[in-house]
Amino acid sequence: MRNFLKAEIYFLRKDTMFKSITVLFALASVGLAVFLGSKGGYALSSPVQPMQIASSFSVFLYLVIPMFACFFITEGFEHGSVQNIIASGQNRAGYILGKYLLGLLAALWWLLEFFGCFLIVSLSAALVTGSPIGHETTTEDLTTSMRAFGLNLLYLAAYSSVVMMLGVMIRKAASAIVATFFFVFGNILLTGYLQGTSSAFLRLLSEHALMTQIMKFSGVYVEQSRVILLSGIGDYVRALLIPVIVIIVCLTTALLSLEKRDIHI
């Protein structure tokens, strides 16, 4: 397992797509911080307020990271490396778990990069322009930001588990990418177009969609011209249970699919 993880980490470091996405998120966070500052000024109510602002734009991560996860899980089937890895003694459960954990490691790195770059640029711009940096809401902003960061990591883990399941079942990068695309944008459609439907079942489906919860803890979910946030123990329990259930179901399905089907190059 250790050798497998080392080899996959080496693959990640050399992977062109991984490097490209890293550059993309860096440019996106820097550009966003500069753009918002140029429109509304660089004054901050607390030193960590930029992290709270960045969490409002974290939905962008879910349009990119699942696509990378799809390529990451299917490359072994496309190039035949999964057969060699398993033939060398690595069990299939270890292969799935190793791929999944390294996908989460990449997601964690991009989260840190996106939030960190936005924070550094915003603070630097405030200092350079002489804009005030208050301390009135530091505790509140820090709590909100850390909660959003943790929930983003959990929901990226849920997205990755779904994509991994699709990749293991389909095994072809092109077809898996199409399935991932429909899953990602299907979640957005569930959130955006079913919240006002007259069907109780469709409203229930929309309310429990992954993207609905993401938009709520990011502070961008709007219903009847009102911003809806997570509030109360019930909302937070549901926000935690939904991705956990998705992760368990999808990883189990992926493992069963890999265990029961032969691996062909």
Side-chain angles (χ1 to χ4, degrees), residues 1-2 4-13 15 17-18 20-22 58-59 61-86 90-111 150-188 190 208-211 213-214 240-265:
M1 183 66 167
R2 182 180 299 178
F4 169 61
L5 291 176
K6 287 182 177 179
E8 289 297 310
I9 291 174
Y10 177 82
F11 167 78
L12 274 179
R13 289 175 176 173
D15 185 55
M17 180 178 290
F18 177 80
S20 299
I21 294 175
T22 299
S58 59
V59 174
L61 302 173
Y62 296 86
L63 304 178
V64 180
I65 294 179
M67 299 301 174
F68 171 81
C70 184
F71 280 109
F72 186 59
I73 188 61
T74 56
E75 58 86 21
F77 298 104
E78 287 279 301
H79 303 295
S81 59
V82 59
Q83 188 178 54
N84 296 329
I85 291 170
I86 293 176
Q90 177 63 56
N91 62 64
R92 300 189 183 204
Y95 179 84
I96 289 291
L97 182 60
K99 281 282 190 179
Y100 182 68
L101 291 178
L102 287 172
L104 288 188
L105 182 63
L108 175 60
W109 162 250
W110 286 323
L111 267 176
L151 286 171
N152 268 309
L153 183 59
L154 177 61
Y155 274 79
L156 284 170
Y159 265 69
S160 296
S161 68
V162 175
V163 173
M164 176 168 289
M165 178 189 70
L166 294 174
V168 171
M169 295 177 69
I170 298 174
R171 302 190 177 189
K172 296 293 184 181
S175 300
I177 281 292
V178 173
T180 299
F181 178 88
F182 277 106
F183 165 71
V184 171
F185 286 93
N187 247 271
I188 295 175
L190 283 176
H208 290 80
L210 290 171
M211 187 54 69
Q213 305 304 315
I214 293 167
L240 291 172
L241 281 180
I242 291 174
V244 169
I245 292 172
V246 169
I247 291 170
I248 293 173
V249 171
C250 291
L251 287 184
T252 302
T253 303
L255 178 58
L256 291 175
S257 178
L258 190 63
E259 291 280 5
K260 292 184 178 182
R261 293 175 58 189
D262 292 333
I263 300 173
H264 301 289
I265 300 178

Taking all non-hydrogen atoms of both residues into account, name the closest pair between [X] and [Y] and its distance.
X      : Y      : value
Phe68  : Ala106 : CE2-CB, 4.2 Å
Val168 : Phe77  : CA-CE1, 4.2 Å
Tyr95  : Ile73  : OH-O, 4.4 Å
Val184 : Pro66  : CG2-CB, 3.9 Å
Leu210 : Pro243 : CD2-CA, 4.3 Å
Ala254 : Met165 : CB-CA, 3.9 Å

Check the surroundings of atom CZ in Phe181: do more than 12 heavy atoms from other residues, nucleotides or ligands lie under 6.0 Å from it?
no
More than 12 heavy atoms of other groups within 6.0 Å of Met169 CE:
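No, not enclosed.
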Can you find a heavy atom in the side chain of [X] that is under 4.5 Å from one in the side chain of [Y]?
X      : Y      : value
Ile188 : Tyr62  : no
Trp110 : Leu156 : no
Ile214 : Leu151 : no
Met211 : Tyr159 : yes

To the closest 0.5 Å, what do you measure between CG (Leu153) and CG (Leu104)?
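Leu153 atom CG to Leu104 atom CG measures 6.5 Å (nearest 0.5 Å).
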For the residue pair Phe11 and Phe18, is the inter-centroid distance of their aromatic rings smaller than 6.0 Å?
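Between Phe11 and Phe18, the centre distance exceeds or equals 6.0 Å.
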Identify the residue among Ile170, Val163, Leu166 that makes a side-chain contact (heavy atoms from CB on, under 4.5 Å) with Cys70.
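Exactly one pass, corresponding to Val163.
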Of the options Leu251, Ile247, Thr253, Thr74, which is the one that meets Met164 in a side-chain contact (heavy atoms from CB on, under 4.5 Å)?
Leu251
